[in-house]
Amino acid sequence: MHRVIISGIGVAIPDASITNEELVESFNTWVDDENMRRRDAGEEPLQKSNSEFIVYASGVKRRHVLERDGILDPARMAPRIPERPDDELSVMAEFGVASAQKAIADAGIEPSEIDLVICSASHQQRPYPALAIEIQNALGTGGSAFDMSLGCSSAAAALHVAYNLVRAGAHKRILIVSPEIITGHLNFRDRQTHFIFGDASASLVVEAIGDDETRPGKFEVLGTDTWTQFSNNIRTNFGFLVRAGQEDTSVVRMEGNMIKQVGNKVFKEVTVAAHRFVVDFLARKGLKTAEMRRFWLHQANARMNAMILKMALGHEVDHDRAPMVLERLGNTAAAGAVIALKENHEDMAAGDHGLFCAFGAGYSIGAALLKKH
Ligand code: COA
């Protein structure tokens with residue numbers, strides 16, 4: 001078995017951002033119009049959204065988005081991302097390449113030294129050709145490529161796959177790419193979810209090292225694992241069968257088929273599952289939660305992360321121990337925990353342990369135990 005390190009981490013965050021106030025203003029303008037229609041139709045009115053609620057309930061203050069144009073327009077409420085011809089790099093591959101190039105530079109290698117690309121994200125732009133193969137082609141990496149997906153745990157699940165493939169000697173260097181364009185699939189007319197998500201792309205290079213080798217500043221992966229349990233509480237029904245389920249096939253209906261979530265159930269059930277998973281996973285590795293210098297957790301909800309760690313450790317932890325990036329980025333799905341890792345590791349000492357752990361739709365949880373070289 002080979003020893004495995006994360007040799008490169010890369011993050012791409014779009015320049016454009018939207019504050020809670022902007023988002024709420026556009027939502028409430030749409031609600032006013034919609035409620036006039038509902039009143040005339042004798043239907044129940046919709047309730048308005050509220051910035052204070054958003055910060056209190058989730059911790060999110062703003063989010064970065066790939067394309068601002070269209071999202072705040074009450075007549076549209078979706079980003080305007082023009083279709084591209086097939087011979088142009090697709091939007092999601094381009095976003096993936098942006099973080100992948102940074103991860104490859106961080107690893108100090110050439111793209112050709114990578115022998116597998118895994119594109120793992122909560123939403124893939126299309127089923128085929130695999131986004132990972134388009135990214136492989138754009139970067140000029142060797143070997144092969146495939147896509148996979150596990151909701152917000154997509155990067156953690158890909159790390160589980162990559163770690164074990166490199167460890168077993170099947171591949172020498174694997175690039176994991178998680179380009180998350182959630183705004184393309186978010187229902188900005190849904191009060192429950194319109195404020196939660198943002199866009200970001202994150203990549204990791206995972207590679208084998210020699211038995212006696214040390215790579216100062218890099219993290220050795222000491223183990224990975226995943227956990228899943230079926231739940232409908234975070235669900236999208238958008239897929240290739242949507243058209244076949246409609247009488248009128250001239251327009252594919254997105255409304256009702258985008259992300260929906262029973263947030264408070266997810267909060268309770270995933271908090272319980274994640275804290276148990278963290279404690280059990282570390283125990284299987286012969287370690288205790290108290291021995292972790294840092295926790296890079298999924299960035300969905302600040303209160304949820306605080307509660308998971310309080311239950312796992314028996315006391316509260318500060319942001320130095322469990323950094324949060326969601327206040328400024330929102331929930332960036334699989335990219336979130338990787339961004340927390342990228343932005344919060346340079347101060348760690350050689351020998352420090354850290355836990356990377358993501359959770360989300362499925363339900364799913366994925367984790368990696370890391371040790372600083
Ligand atoms: N503005 C104002 N009020 C709102 C609102 C909004 N945008 N959205 C919901 N509310 C209201 C609800 O209607 C409800 O009102 P009621 O008490 O009168 O019925 C109240 O706020 C509480 O709603 P609830 O859904 O219970 O809120 P919450 O405290 O659970 O927070 C989330 C909502 C989504 C922020 C939270 O549940 C969450 O983050 N869950 C976990 C998400 C997650 O981890 N997902 C996995 C990864 S993708």
Side-chain angles (χ1 to χ4, degrees), residues 18-31 34 44-63 77 121-123 149-157 178 180-183 185-200 227-236 258-275 277-278 297-309 322 324-327 329-340 357-367:
I18 295 178
T19 64
N20 286 348
E21 289 70 25
E22 290 175 304
L23 201 63
V24 165
E25 191 190 334
S26 112
F27 179 87
N28 289 347
T29 304
W30 172 75
V31 166
E34 172 66 10
E44 281 290 307
L46 295 175
Q47 289 179 289
K48 292 198 173 178
S49 189
N50 174 315
S51 305
E52 289 75 45
F53 168 84
I54 295 172
V55 175
Y56 165 75
S58 69
V60 179
K61 291 188 176 161
R62 63 190 164 105
R63 69 283 299 137
M77 294 176 90
S122 59
H123 304 87
S149 186
L150 190 65
C152 291
S153 309
S154 290
S178 298
E180 294 285 14
I181 310 177
I182 316 287
T183 54
H185 193 275
L186 185 56
N187 185 356
F188 286 98
R189 295 190 179 105
D190 176 27
R191 179 172 173 260
Q192 285 268 101
T193 53
H194 78 120
F195 58 89
I196 295 176
F197 296 97
D199 301 328
W227 170 97
T228 56
Q229 180 183 287
F230 185 68
S231 166
N232 275 321
N233 290 330
I234 319 172
R235 184 165 173 136
T236 168
M258 290 179 272
I259 302 167
K260 54 186 179 184
Q261 163 169 279
V262 189
N264 48 15
K265 279 199 179 167
V266 175
F267 189 110
K268 283 182 206 134
E269 291 168 8
V270 174
T271 297
V272 170
H275 105 268
F277 176 89
V278 165
L297 299 190
H298 177 46
Q299 302 287 310
N301 186 302
R303 286 186 301 135
M304 193 171 168
N305 286 10
M307 216 173 273
I308 289 169
L309 293 176
M324 297 301 299
V325 300
L326 102 164
E327 184 178 306
L329 298 178
N331 178 346
T332 52
V338 181
I339 299 170
C357 183
F359 33 84
Y363 297 133
S364 61
I365 306 176

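Start at 1 and go down the list; that is how both ligands and their atoms are numbered.
- Without hydrogens or angle criteria, S58 side chain to V55 main chain gives no donor-acceptor distance under 3.5 Å.
- Around atom CD of E269, more than 12 heavy atoms belonging to other residues, nucleotides or ligands sit under 6.0 Å away.
- For the pair T193 and M258, the minimum side-chain heavy-atom distance is 4.5 Å or more.
- Residues meeting the ring pair (Phe, Tyr, Trp, His ring centres under 6.0 Å) test with F195, sequence neighbours left out: none.
- The aromatic rings of F359 and H298 sit perpendicular to each other, their planes meeting at more than 60°, with 30° as the lower class boundary.
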Which N or O atoms of ligand 1 sit under 3.5 Å from a protein N or O, and how far apart is each pair?
| unit_1 | atom_1 | unit_2 | atom_2 | d |
| --- | --- | --- | --- | --- |
| ligand 1 | 1 (N) | N50 | N | 3.3 |
| ligand 1 | 3 (N) | R191 | NH2 | 3.0 |
| ligand 1 | 7 (N) | S49 | OG | 3.0 |
| ligand 1 | 7 (N) | R191 | O | 3.0 |
| ligand 1 | 13 (O) | R191 | NH1 | 3.0 |
| ligand 1 | 26 (O) | N264 | ND2 | 3.0 |
| ligand 1 | 29 (O) | R303 | NH2 | 3.2 |
| ligand 1 | 37 (O) | G263 | O | 3.0 |
| ligand 1 | 37 (O) | N264 | N | 3.4 |
| ligand 1 | 39 (O) | N301 | ND2 | 2.7 |
| ligand 1 | 40 (N) | G263 | O | 3.0 |
| ligand 1 | 45 (N) | Q261 | OE1 | 3.1 |

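- The shortest side-chain heavy-atom distance between R191 and V31 does not fall under the 4.5 Å cut-off.
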